[in-house]
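Presented below is the structure to which this report refers.
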Number of protein chains: 2
Amino acid sequence: MSTADRLIESTRELLWERGYTGTSPKAIQHRAGAGQGSMYHHFAGKPDLALAAITRTAEDLRARAEEQLSAPGTAIERVTAYLRRERDVLKGCPIGRLTQDPDVMADPRLRAPIEETLAWLRQRLAEVLREIEPAPEAIAATVVAVLQGGYVLARAADSVEPFTAAIDGVLTLLTAR
Amino acid sequence: MSTADRLIESTRELLWERGYTGTSPKAIQHRAGAGQGSMYHHFAGKPDLALAAITRTAEDLRARAEEQLSAPGTAIERVTAYLRRERDVLKGCPIGRLTQDPDVMADPRLRAPIEETLAWLRQRLAEVLREIEPAPEAIAATVVAVLQGGYVLARAADSVEPFTAAIDGVLTLLTAR
DNA sequence: GTCTATATGACGATAGAC
DNA sequence: GTCTATCGTCATATAGAC
């Protein structure tokens, strides 16, 4: 892996763990095993590096969601597979967590991939759910919200349990229709 | 309002807007119209002040939830009133947002009120929903998660719309039972 | 109680040698 | 491409006068 790649990967990890404000260039360099000069040679600064990291994380999220959502099976089966797939629940959503960072949301370049990714997810889930719901838009928003909110509850409790309960609840409601 | 009170209120606002890491003592003092010496006279430091602020915000959240949840009406009516009550949607949940702050979650004193408040909310909603569900725990978790996740989607979109859609969706699912 | 002065280190970046 | 030196500012206090 090149130095530039190691810098991007380190930034992705740190943004996930500590957010944008909580992530310093120094910490990125240390984790990547790169020096100051090296980082500023490859990237213009912290926002530039964050953009590269966020873009890569957003692509990754979409690709992995698509794995479950475009698999064979009924709508319920695919949504269930997506919601119950293995996740780093206590780490939360690497995209959703950035919405809490005012410096990220204030920068249109950093904000765009986050807005687009969550809008895409909602729209993609609506497509799948259209198989069983004539107007699935609101329910698709609910499903994405349960996921994002489940992460919040899990972090608050320092336990996966509330996340699992929230997913179980929405699947119960969905399946009972 | 006393200086100590102004410091606590300013800290509450800043924690809501910028999180713990993003909030400096200097910013708190400036917003409260207090000097350095004044702040350190009343509070031991940033964590001490944050604890006072978080405690007050947690009490406030519980009191305001209780307003809707203990009102007269059916379970569905009370949950609907709670979910649809007026909110500062784009600002998000002042308690839930702190779960994204690793420095808060790493400090047991700061973490406790957050954990307790969300656990209480879940349990309180389960009590209300028991009127229509024999085993309401998972669905109560879902309802709280939709709220927390709805805030995330609203911030990502810079619009109240996804929040409203997510709430509408879960109420549709709940009411259709 | 509130003020000003001072301290130590981190933050985010630039400059220039190698 | 990477390194070290340097920079101006902010973060988070402590000390002591008033």
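Model, not experiment: these values are computed from the prediction. Heavy-atom basis, side chains included; hydrogens, waters and symmetry copies ignored.
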Exercise. Taking side-chain hydrogen bond (donor to acceptor under 3.5 Å, both in side chains) as the test, write out the residues that go with B/R85, two or more places apart.
Key: B/Q68
Quiz prompt | Non-neighbouring partners of B/E77 that pass side-chain hydrogen bond (donor to acceptor under 3.5 Å, both in side chains), sequence neighbours left out | solution = none
Quiz prompt | Any A/L14 side-chain heavy atom under 4.5 Å of A/E17 side chain | solution = yes
Quiz item: Can you name the salt bridge (charged side-chain N to carboxylate O under 4.0 Å, His left out) partners of A/R155, sequence neighbours left out?
Solution: none
Self-check item: ring-ring contact (aromatic ring centres under 6.0 Å, His included) against B/Y151, all qualifying residues, sequence neighbours excluded
Solution: B/F163
Quiz item: Between which nucleotides of DNA chain C, 5' to 3', does chain A make heavy-atom contacts below 4.0 Å?
Solution: C/dC11 to C/dT14
Among all residues two or more places apart in sequence or in another chain, which pass the side chain to side chain contact (heavy atoms under 4.5 Å, CB included) test with [X]?
| X | value |
| --- | --- |
| B/I132 | B/A75, B/I76, B/L129 |
| B/T172 | A/R177 |
| B/D103 | A/R18, B/Y20, B/T21, B/D101 |

Self-check item: Inter- and intrachain pairs under ring pair (Phe, Tyr, Trp, His ring centres under 6.0 Å), touching residues 86-127 of chain A, at least two apart
Solution: none
Just distance, no hydrogens or angles: give the donor-acceptor pairs under 3.5 Å from side chains in residues 50-59 of chain A, sequence neighbours left out.
| unit_1 | atom_1 | unit_2 | atom_2 | d |
| --- | --- | --- | --- | --- |
| A/T55 | OG1 | A/L51 | O | 2.7 |
| A/R56 | NH1 | A/D5 | OD1 | 3.2 |
| A/R56 | NH1 | A/E9 | OE2 | 2.7 |
| A/R56 | NH2 | A/D5 | OD1 | 2.7 |
| A/T57 | OG1 | A/R12 | NE | 2.9 |
| A/T57 | OG1 | A/A53 | O | 3.1 |

Quiz item: Under a 4.0 Å heavy-atom cut-off, which of residues 1-14 of chain A touch DNA chain C?
Solution: none
Quiz item: Whole Å only: how far is the CG atom of B/L49 from the P atom of D/dT12?
Solution: 12 Å
Quiz item: So what does B/G35 hit on the nucleic acid, given a heavy-atom distance under 4.0 Å: a base, only sugar-phosphate, or nothing?
Solution: sugar-phosphate
Quiz item: In residues 17-33 of chain A, which residues come under 4.0 Å of DNA chain D by heavy atom?
Solution: none
